[in-house]
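This structure is a prediction, so every number in the text was calculated from the model and none was measured. Sequence positions, counted from 1, serve as the residue numbers for this chain. Heavy-atom basis, side chains included; hydrogens, waters and symmetry copies ignored.
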Amino acid sequence: MSVTERPFIDTWTAETAVTLQRAFRMTNDAFAEHLDIAVRTVAGWHSDRTIVPRNQMQRVLDDAYEGARQAVVERFAHLLQRKGEPVPAAPKAVPAAPTPSPHPQPAPAADPVVAQMAADMALMQARIDSLQEQLGAIALRLLT
């Protein structure tokens, strides 16, 4: 494989996500942090390799893969080949429009009350995400 080629991933599965994690040489915690997702999501991929993540997670994995260093990409391709999976090249196509960020920012609100409510909701969501990660870590400790 040449230095500029990347294996093309049409649809991420738990198996390919775990393979990407191995290529990054990251623990579950580090990979979850890198993707800005809950550790329990990564742990779930390890326990059921047939999972097909939803569209938003597909984009998160795409972003991580597209931003990976060349050494990570080459290791990923090598790991895919070792598993006996074909390593497809990216199809030749017109470049797609840029994908939106997996964490879109709310549009500025004209009403200051609405703006404050949006800020409060974002803060609550951050707290919920943090609690979910803590629960995931506790669950993993209980299982091991």
Side-chain angles (χ1 to χ4, degrees), residues 1-109 114-144:
M1 176 161 69
S2 75
V3 176
T4 57
E5 288 182 27
R6 286 178 178 255
F8 177 71
I9 304 300
D10 184 47
T11 301
W12 290 94
T13 63
E15 183 71 37
T16 53
V18 168
T19 303
L20 182 63
Q21 176 188 0
R22 287 186 59 211
F24 271 108
R25 294 183 175 163
M26 292 182 174
T27 63
N28 286 4
D29 289 334
F31 194 54
E33 184 176 328
H34 181 72
L35 298 178
D36 195 23
I37 62 172
V39 176
R40 64 186 167 79
T41 302
V42 177
W45 293 338
H46 283 272
S47 65
D48 183 358
R49 304 281 175 106
T50 63
I51 293 171
V52 176
R54 294 180 184 217
N55 288 339
Q56 182 178 355
M57 188 59 64
Q58 294 282 329
R59 288 189 296 271
V60 169
L61 290 163
D62 284 342
D63 290 345
Y65 179 51
E66 289 165 9
R69 294 183 341 263
Q70 186 62 33
V72 173
V73 172
E74 290 174 4
R75 200 165 27 252
F76 179 66
H78 176 72
L79 290 168
L80 286 177
Q81 285 176 337
R82 277 191 15 200
K83 291 179 185 233
E85 296 182 25
V87 183
K92 306 296 182 208
V94 178
T99 56
S101 168
H103 306 289
Q105 299 299 319
V114 173
Q116 183 60 46
M117 288 174 65
D120 291 345
M121 287 176 60
L123 180 60
M124 284 189 278
Q125 185 61 52
R127 289 180 182 158
I128 289 169
D129 291 345
S130 175
L131 289 171
Q132 286 177 331
E133 287 187 22
Q134 291 173 15
L135 284 172
I138 291 169
L140 285 175
R141 276 189 252 138
L142 291 174
L143 293 173
T144 55

Fill in: For Leu135, all residues meeting side-chain contact (heavy atoms from CB on, under 4.5 Å), sequence neighbours excluded
none

Worksheet item: What's the shortest heavy-atom distance between Thr16 and Thr11, and which atoms?
Response: OG1-O, 4.4 Å

Worksheet entry | Heavy-atom pair of closest approach, residues Thr27 and Ala30 | OG1-N, 3.0 Å

Discussion item. Are Met57 and Thr41 packed together at the side-chain level, in the sense that at least one heavy-atom pair is separated by less than 4.5 angstrom?
Written reply: yes

Worksheet item: What is the minimum heavy-atom distance between Gly44 and Ser47, and which atoms define it?
Response: O-OG, 3.0 Å

Discussion item. Arg49 vs Thr13, test: side chain to side chain contact (heavy atoms under 4.5 Å, CB included). Steps then yes/no.
Written reply: CA-CA 7 Å; Arg49 304 281 175 106; Thr13 63; over 6 Å; no

Worksheet, complete the sentence: All heavy atoms of Val39 vs all of Glu133, minimum pair found to be N-CG, 4.2 Å

Fill in: CD on Gln125 to CZ on Arg127, rounded to 0.5 Å
12.0 Å

Worksheet item: Of the non-hydrogen atoms in Ala14 and Asp48, which two are nearest, and what is the gap between them?
Response: CB-O, 3.3 Å

Discussion item. Can a donor-acceptor pair be found, under 3.5 Å and without considering hydrogens, that links the side chain of Arg75 to the backbone of Ala23?
Written reply: yes

Practice prompt. Let me know which of Asp10, Val52, Asp63 forms a side-chain contact (heavy atoms from CB on, under 4.5 Å) with Gln58.
Written response: Val52

Practice prompt. Take Val73 and Arg69 through the test side chain to side chain contact (heavy atoms under 4.5 Å, CB included) and record every step on the way to the result.
Written response: CA-CA 6 Å; Val73 172; Arg69 294 183 341 263; over 6 Å; no

Item to complete: Classify the ring geometry between Tyr65 and Trp12 as parallel (under 30°), tilted (30 to 60°) or perpendicular (over 60°).
Response: perpendicular

Worksheet item: Going from CG on Leu140 to NE2 on His46, what distance comes out if it is rounded to the nearest 0.5 angstrom?
Response: 10.0 Å

Discussion item. Using the rule side-chain contact (heavy atoms from CB on, under 4.5 Å), only one of Leu80, Leu20, Leu61 pairs with Ile9; which is it?
Written reply: Leu80

Worksheet, complete the sentence: salt bridge (charged side-chain N to carboxylate O under 4.0 Å, His left out) pairs touching residues 19-34, sequence neighbours excluded, are none

Worksheet entry | Which residues share a ring-ring contact (aromatic ring centres under 6.0 Å, His included) with His34, sequence neighbours left out | Phe24

Practice prompt. For residues Gln21 and Val42, determine if any side-chain heavy atom of one lies less than 4.5 Å from a side-chain heavy atom of the other.
Written response: yes

Fill in: Which atom of Val60 lies closest to which atom of Leu35, heavy atoms considered
CG1-O, 3.6 Å

